[in-house]
Trainee: 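I have a structure here, written as structure tokens, and I will follow up with some questions on it.
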Amino acid sequence: MEQNRILASYYIETAYPLEHAAEVMAGEQSTGTFISVPGETPELQEMHGARVVSITELESVDHPSLPGAKVPKQSGAGAGYRRAIVVLSFPLDNVGPSLPNLMSTVAGNLYELGEFSGLRLIDLELPDAFANKYPGPQFGIEGTRTLSGVHDRPLIGTIIKPSIGLHTEDYGPLVRQLAEAGIDFIKDDELCANPAFALLEQRVRVVMDEINRVADRTGKKVMYAFNITGDIDELRRNHDLVVKAGGTCVMACVNSLGFAGTAYLRSFSELPIHGHRTQWGAMSRSPLLGMSFTVFQKLCRLAGVDHLHTNGLNNKFSEDNATVARAIQDCMKPFLGGYPVMPVLSSAQWAGTAVPTYEAVQTTDVIMVAGGGVLAHPGGIAAGVRSVRQGWEAAVQGIPLADYAERHEELWQAIRTFSK
């Protein structure tokens, strides 16, 4: 790849000839408009125009995937819709090493172009200038393991439930139980940031009092990801509250803050940033709209998150297991020479999910966040934590779950409760 170019790959659907459609994309997102204008010289186009690198034709379909698409006037009724992979190249000088301006270029107005009945950004390659501007994850996998004291196995975590509605005084007893149960990681739900009935400042004080008290007694300090998402001018204050209380993690809803807001948090953060992907379904659920997780995770890593939600296998949402496994594997691939990020598995996770997860991704460098799988275990919270660890032990050792459960009561109880 040329060092002064940005490569963006798209999955498109159009009733127009593919070469024409690709040129429309390139023109709309660089020097062109619907008609030539004064000043659009060949020299300017050469220096600042986007280029069509390649077009790989795929299948055709009879009906458009998205509403509002145009068809060529000469095509007549019943024209087909062609699908293809189009790769465009943009000059770095048009954008600079800037996440906001990158998004305007590679994911801007082209989603609205009438020539397309489907368009999805599926990959992105960036020049080193972005690495020079954005340092990426500060802690990543190794830093998270050091702070949590957990090595050679996944971090076992849970989510504060109910997601929203607990008052400040409700947090203490629950966090105390979880810490005493040996949990590695706890996170706020994305719905709970700074509600009037559990203000962040008060919540941090209550939670860290319990975590520090148990750590003084047991030597194990739970990592708690406080949701500090808010307006940009609130981020530093919220972050500092956690640092001052001795916390070891903050959580940011990346799409709520934006990539620039997340990068701003990274610029001063002294703690790992737990990246939540709330709103992801709106960006991705249509196969011919939005962007792929392959792109999203690269942008999140560039912005500086240390952990990133990928969904979990056998989840309650719409993504199938192959999609989730690919998301986890995407996070593991080096990007711009590194940028290590720790995948976070959540949604209907319990001890039994460990086996298909490990079979699919062959790594333990993950945080498994089990809400009901820990909190609703029939043997109690401590048994729930042990059951998830036992599930991973069985997975890594290649022992069938039922066989391992014969010697581990907590796992057996989990199977009876959650495998229905």
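Numbers here are sequence positions counted from 1.
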Trainee: Out of curiosity, Gln202 CD to Asn194 CG, how far, rounded to the nearest 0.5 Å?
Mentor: 9.0 Å
Trainee: Hey, is the main chain of Arg266 close enough, under 3.5 Å, to the side chain of Ser269 for a donor-acceptor pair?
Mentor: no
Trainee: Do the side chain of Tyr224 and the main chain of Val175 share a donor and acceptor less than 3.5 angstrom apart?
Mentor: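 Between the backbone of Val175 and the side chain of Tyr224 there is no qualifying donor-acceptor contact (under 3.5 Å).
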Trainee: Mind checking whether Tyr264 and Phe268 have parallel, tilted or perpendicular rings, split at 30° and 60°?
Mentor: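 Perpendicular, since the angle between the ring planes exceeds 60°.
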Trainee: Between Phe185 and His307, how do the two ring planes meet: parallel, tilted or perpendicular, split at 30° and 60°?
Mentor: perpendicular
Trainee: Please determine whether side-chain contact (heavy atoms from CB on, under 4.5 Å) holds for the pair Ile160 and Cys192, giving the CA-CA distance in whole Å, both sets of side-chain angles, and the decisive distance to 0.1 Å.
Mentor: CA-CA 9 Å; Ile160 294 294; Cys192 184; over 6 Å; no
Trainee: Return yes if some donor-acceptor pair links the side-chain N/O of Thr158 with the main-chain N/O of Val369 below 3.5 Å, else return no.
Mentor: no
Trainee: Would you compute the distance between atom CG of Leu178 and atom CD1 of Ile183 and round it to the nearest 0.5 angstrom?
Mentor: 5.5 Å
Trainee: Which atoms form the tightest heavy-atom contact between Val53 and Leu88, and what is the distance?
Mentor: CG2-C, 4.1 Å
Trainee: Return the minimal non-hydrogen interatomic distance between Leu155 and Ser148, and the atom names on each side.
Mentor: CD2-OG, 3.7 Å
Trainee: With a 4.0 Å cut-off, would you call Glu410 and Arg389 a salt bridge?
Mentor: no
Trainee: A quick test of your reading: do over 12 heavy atoms of other residues, nucleotides or ligands sit less than 6.0 Å from CZ of Arg285?
Mentor: no
Trainee: Whether the side chain of Asn321 engages the backbone of Asn314 through a donor-acceptor N/O pair (distance < 3.5 Å, no angle test) should be reported.
Mentor: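 Answer holds: yes.
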Trainee: How close do Ile399 and Tyr404 get, heavy atom to heavy atom, and via which atoms?
Mentor: CD1-CD1, 3.8 Å
Trainee: Given 3.5 Å as the limit, does a donor-acceptor pair link the side chain of His239 with the main chain of Leu235, or not?
Mentor: no
Trainee: Is the backbone of Asp123 close enough, under 3.5 Å, to the side chain of Thr294 for a donor and an acceptor to pair up by distance?
Mentor: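 No, the answer is negative, given that no donor and acceptor are paired below the 3.5 Å cut-off.
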Trainee: Does this structure show an ion pair linking Glu210 with Arg213, if we count only N-O contacts that are shorter than 4.0 Å?
Mentor: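 Salt bridge between Glu210 and Arg213, a charged N being under 4.0 Å from a carboxylate O: yes.
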Trainee: Salt bridge check: are Lys298 and Asp330 linked by an N-O gap of less than 4.0 Å?
Mentor: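 No.
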Trainee: Just by distance, with hydrogens left out, do His276 and Glu190 show a side-chain donor and acceptor under 3.5 Å apart?
Mentor: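 Yes.
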Trainee: List the atom of Val374, the atom of Gly157, and the distance in Å for their closest heavy-atom pair.
Mentor: CG2-O, 4.3 Å
Trainee: Passes side-chain contact (heavy atoms from CB on, under 4.5 Å), Cys300 versus Phe259? Steps please.
Mentor: CA-CA 7 Å; Cys300 289; Phe259 296 119; 4.0 Å; yes
Trainee: Using a 4.5 Å cut-off on heavy atoms from C-beta on, say whether the side chain of Thr310 contacts that of Cys331.
Mentor: yes
Trainee: Using 4.0 Å as the upper bound for N to carboxylate O, is an ion pair formed by Arg277 and Glu319?
Mentor: yes
Trainee: Stepwise, does the side-chain contact (heavy atoms from CB on, under 4.5 Å) test hold for Ile381 with Leu174?
Mentor: CA-CA 10 Å; Ile381 289 176; Leu174 178 54; 4.1 Å; yes
Trainee: Report the distance from atom SG of Cys249 to atom CE of Met223, rounding to the nearest 0.5 Å.
Mentor: 5.0 Å
Trainee: Around atom CH2 of Trp412, are there more than 12 heavy atoms from other residues, nucleotides or ligands closer than 6.0 Å?
Mentor: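 No, because the 6.0 Å sphere around CH2 of Trp412 holds 12 heavy atoms or fewer from other groups.
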Trainee: For the atom pair CZ (Arg145) and CD1 (Ile367), what is the distance rounded to the nearest 0.5 Å?
Mentor: 9.0 Å
Trainee: Could you give me the CA-CA distance, side-chain angles and deciding distance for His274 and His309, then say whether ring-ring contact (aromatic ring centres under 6.0 Å, His included) is met?
Mentor: CA-CA 8 Å; His274 185 85; His309 280 237; 4.9 Å; yes
Trainee: Suppose the criterion is salt bridge (charged side-chain N to carboxylate O under 4.0 Å, His left out): which pairs have a residue in residues 151-172, not counting sequence neighbours?
Mentor: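 Checked against salt bridge (charged side-chain N to carboxylate O under 4.0 Å, His left out) - neighbours excluded - the pairs reaching residues 151-172 are Arg153-Asp184, Lys161-Asp189.
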Trainee: Under 6.0 Å from the NZ atom of Lys220, do we count more than 12 heavy atoms belonging to anything else shown?
Mentor: yes
Trainee: Tell me whether Gln29 contacts the main-chain N or O of Leu110 through its side chain, where contact means a donor paired with an acceptor under 3.5 Å.
Mentor: yes
Trainee: Mind listing the closest non-hydrogen atom pair of Leu336 and Leu302 along with its distance?
Mentor: CD1-CD1, 3.6 Å
Trainee: Hey, what do you get for OG1 (Thr56) to CD1 (Ile12), rounding to the nearest 0.5 Å?
Mentor: 10.5 Å
Trainee: State whether a side-chain donor-acceptor pair under 3.5 Å links Thr323 with Asp320.
Mentor: yes
Trainee: Does a sphere of radius 6.0 Å around NZ in Lys244 hold more than 12 heavy atoms from other residues, nucleotides or ligands, not counting ones at 6.0 Å or beyond?
Mentor: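 No, the 6.0 Å shell around NZ holds no more than 12 heavy atoms from other groups.
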Trainee: With a 3.5 Å distance limit and no angle check, can you tell me whether Glu28 reaches the backbone of Met25 through a side-chain donor-acceptor pair?
Mentor: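 No: the side chain of Glu28 does not pair with the backbone of Met25.
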Trainee: Before accepting this row, confirm whether a basic side-chain N of the pair Arg82/Glu19 lies closer than 4.0 Å to the acidic partner's carboxylate O.
Mentor: no
Trainee: Between Met368 and Trp392, is the side-chain contact (heavy atoms from CB on, under 4.5 Å) condition met? List the steps.
Mentor: CA-CA 10 Å; Met368 176 175 271; Trp392 276 97; 3.4 Å; yes
Trainee: Determine whether a donor-acceptor pair (N or O, by modelled atom type, separation under 3.5 Å) exists between the side chain of Arg83 and the backbone of Ser60.
Mentor: no
Trainee: As an exercise, state the distance from CD of Gln390 to CZ of Arg386, rounded to the nearest 0.5 Å.
Mentor: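 Taking CD in Gln390 and CZ in Arg386, the distance rounds to 7.5 Å.
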Trainee: Assess, by modelled atom type and distance only, whether the side chains of Glu13 and Ser65 contain a donor and an acceptor separated by less than 3.5 Å.
Mentor: yes
Trainee: Measure from the side-chain N and O atoms of Ser30 to the backbone N and O of Ala50, and report whether any donor-acceptor pair falls under 3.5 Å.
Mentor: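 Yes, the answer is positive, given that a donor and an acceptor are paired below the 3.5 Å cut-off.
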Trainee: So, for Ile122 and Val295, which heavy atoms are closest and what is the spacing to 0.1 Å?
Mentor: C-CG2, 3.4 Å
